[in-house]
Amino acid sequence: GEWVLHAAVQQQANWAAAGLDIVPVAINLTALEFRRDTLCRTVQSALAASGLPPAMLELELTESVAMEDTEFTVTQIQALHALGVKLSIDDFGTGYSSLSYLKRYQIDKLKIDQSFIRDIDNDVSDGAIMRTVISLAHGLGFKTIAEGVETAAQLAFLRRYRCDEIQGYYFSRPIAADAFADLLRNGSVLTVTDAEES
């Protein structure tokens with residue numbers, strides 16, 4: 001996990017040094033990594049070694065991790081937030097969320113699990129859940145990101161209800177760093193807002 005963090009942050013810094021218009025990189029934290037009391041120092045070290053601005057790093061923790069040992073979670077999230085990195089709760093909607101704790105978290109995004117995206121264009125319940133989660137997140141001051149977007153109909157639904165970011169095979173399958181650098185170089189990495197303005 002520590003190697004992945006350092007490698008991803010350094011790759012971002014390399015792209016920025018090459019004059020590419022970088023976008024934030026998201027890195028998943030395992031439960032074990034999140035519970036380490038050295039996590040903040042590890043993140044600081046990776047950022048200092050690379051020179052990458054903290055806002056270009058987003059750390060993702062799963063909903064199930066976020067809801068365990070909540071006092072520690074709140075403290076750890078506050079410490080990471082103080083570093084200036086972005087924080088998101090991944091797989092939102094698949095676990096058990098305590099809304100009373102969710103409102104205490106200094107996070108930036110709720111990442112909505114792809115199981116709710118798959119049928120949003122033809123399942124009334126999934127559509128209702130998506131609308132509700134997006135509204136809840138915005139009401140708490142969080143952005144939303146939908147994962148697993150694969151069709152134009154899913155994208156249209158998410159745009160209609162103002163989901164902030166999307167990811168999925170509709171835009172690209174996973175690609176190597178060199179190929180992604182080409183996308184950055186050509187201006188092909190878009191946010192939903194960019195796509196709407198184009």
Side-chain angles (χ1 to χ4, degrees), residues 23-31 33-35 55 57-78 80-81 85-175 183 188-198:
V23 294
V25 62
I27 299 172
N28 291 354
L29 294 176
T30 66
E33 290 166 333
F34 182 75
R35 291 189 192 104
L57 174 61
E58 182 177 315
L59 300 175
E60 297 183 353
L61 56 149
T62 63
E63 181 182 23
S64 58
V65 169
M67 294 304 142
E68 291 178 8
D69 195 8
T70 51
E71 285 305 320
F72 172 80
T73 300
V74 169
T75 302
Q76 185 82 306
I77 287 174
Q78 286 173 339
L80 291 167
H81 180 77
V85 300
K86 302 295 183 190
L87 298 162
S88 64
I89 296 182
D90 194 11
D91 301 331
F92 187 78
T94 61
Y96 170 75
S97 285
S98 167
L99 297 181
S100 65
Y101 279 103
L102 187 60
K103 71 180 183 179
R104 293 175 57 196
Y105 292 160
Q106 290 182 309
I107 63 166
D108 299 283
K109 295 178 192 173
L110 292 182
K111 188 171 185 181
I112 305 162
D113 189 72
Q114 64 182 337
S115 62
F116 298 109
I117 310 297
R118 204 167 291 125
D119 293 321
I120 57 173
D121 48 340
N122 56 33
D123 184 298
V124 174
S125 296
D126 282 345
I129 289 170
M130 285 299 301
R131 290 190 303 274
T132 302
V133 170
I134 291 169
S135 178
L136 169 71
H138 289 167
L140 291 171
F142 305 150
K143 289 189 174 185
T144 52
I145 180 167
E147 63 181 2
V149 177
E150 298 182 354
T151 68
Q154 292 167 342
L155 177 60
F157 180 99
L158 294 165
R159 280 183 169 158
R160 186 177 327 121
Y161 292 102
R162 300 172 43 93
C163 183
D164 299 290
E165 298 177 17
I166 57 150
Q167 74 178 55
Y169 289 172
Y170 180 76
F171 291 101
S172 176
R173 293 187 176 272
I175 58 175
L183 291 178
S188 299
V189 178
L190 301 176
T191 64
V192 172
T193 302
D194 294 333
E196 288 173 344
E197 292 171 353
S198 299

Requested in this report: Using the ring-ring contact (aromatic ring centres under 6.0 Å, His included) rule, collect all pairs that involve residues 114-159, keeping only residues at least two apart or in two chains.
Outcome: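 Of all non-adjacent pairs touching residues 114-159, those that pass ring-ring contact (aromatic ring centres under 6.0 Å, His included) are Phe157-Tyr161.
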With rounding to the nearest 0.5 angstrom, report the [atom1] to [atom2] distance, [X] to [Y].
X: Ser125; Y: Ile120; atom1: OG; atom2: CD1; value: 13.0 Å
X: His81; Y: Tyr105; atom1: NE2; atom2: OH; value: 15.0 Å
X: Leu80; Y: Leu61; atom1: CG; atom2: CG; value: 8.5 Å
X: Ile107; Y: Ile89; atom1: CD1; atom2: CD1; value: 3.5 Å
X: Arg162; Y: Ser135; atom1: CZ; atom2: OG; value: 11.0 Å
X: Asp90; Y: Leu29; atom1: CG; atom2: CG; value: 10.0 Å

Of all heavy-atom pairs between [X] and [Y], which one has the smallest distance, and what is that distance?
X: Val149; Y: Leu155; result: CG1-N, 4.1 Å
X: Phe34; Y: Phe72; result: O-CE2, 3.7 Å
X: Glu60; Y: Ala26; result: OE2-CB, 3.4 Å

Requested in this report: Identify, with sequence neighbours excluded, every residue that meets side chain to side chain donor-acceptor pair (under 3.5 Å) alongside Ser115.
Outcome: Asp113
**Report entry** Set of residues satisfying side chain to side chain donor-acceptor pair (under 3.5 Å) with respect to Thr30, sequence neighbours excluded
**Finding:**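 Partners of Thr30 under the side chain to side chain donor-acceptor pair (under 3.5 Å) test: Glu33.
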Check whether any side-chain heavy atom of [X] lies under 4.5 Å from a side-chain heavy atom of [Y], and answer yes or no.
X: Leu57; Y: Leu59; value: yes
X: Ile175; Y: Leu183; value: yes
X: Thr151; Y: Tyr169; value: no

**Report entry** salt bridge (charged side-chain N to carboxylate O under 4.0 Å, His left out) contacts touching residues 146-158 (sequence neighbours left out)
**Finding:** Lys111-Glu147
Query raised in the report: Going by the salt bridge (charged side-chain N to carboxylate O under 4.0 Å, His left out) test, which pairs reach into residues 130-144, not counting sequence neighbours?
Result: none
Ignoring hydrogens and angles, tell me if any N or O in the side chain of [X] forms a donor-acceptor pair with the backbone of [Y] under 3.5 Å.
X: Asp123; Y: Asp126; answer: yes
X: Gln154; Y: Asp121; answer: no
X: Gln106; Y: Ile77; answer: no

**Report entry** Derivation and outcome, side-chain hydrogen bond (donor to acceptor under 3.5 Å, both in side chains), residues Asp164 and Thr144
**Finding:** CA-CA 5 Å; Asp164 299 290; Thr144 52; 3.3 Å; yes
Query raised in the report: Name the one of Ile112, Ile166, Ile145 that satisfies side-chain contact (heavy atoms from CB on, under 4.5 Å) with Leu158?
Result: Ile166
Query raised in the report: Taking it one step at a time, do Lys109 and Glu58 satisfy salt bridge (charged side-chain N to carboxylate O under 4.0 Å, His left out)?
Result: CA-CA 10 Å; Lys109 295 178 192 173; Glu58 182 177 315; 2.6 Å; yes
Report task. Apply side-chain contact (heavy atoms from CB on, under 4.5 Å) to Asp108 and list each qualifying residue two or more places apart in sequence or on a separate chain. Result -> Lys86, Leu87
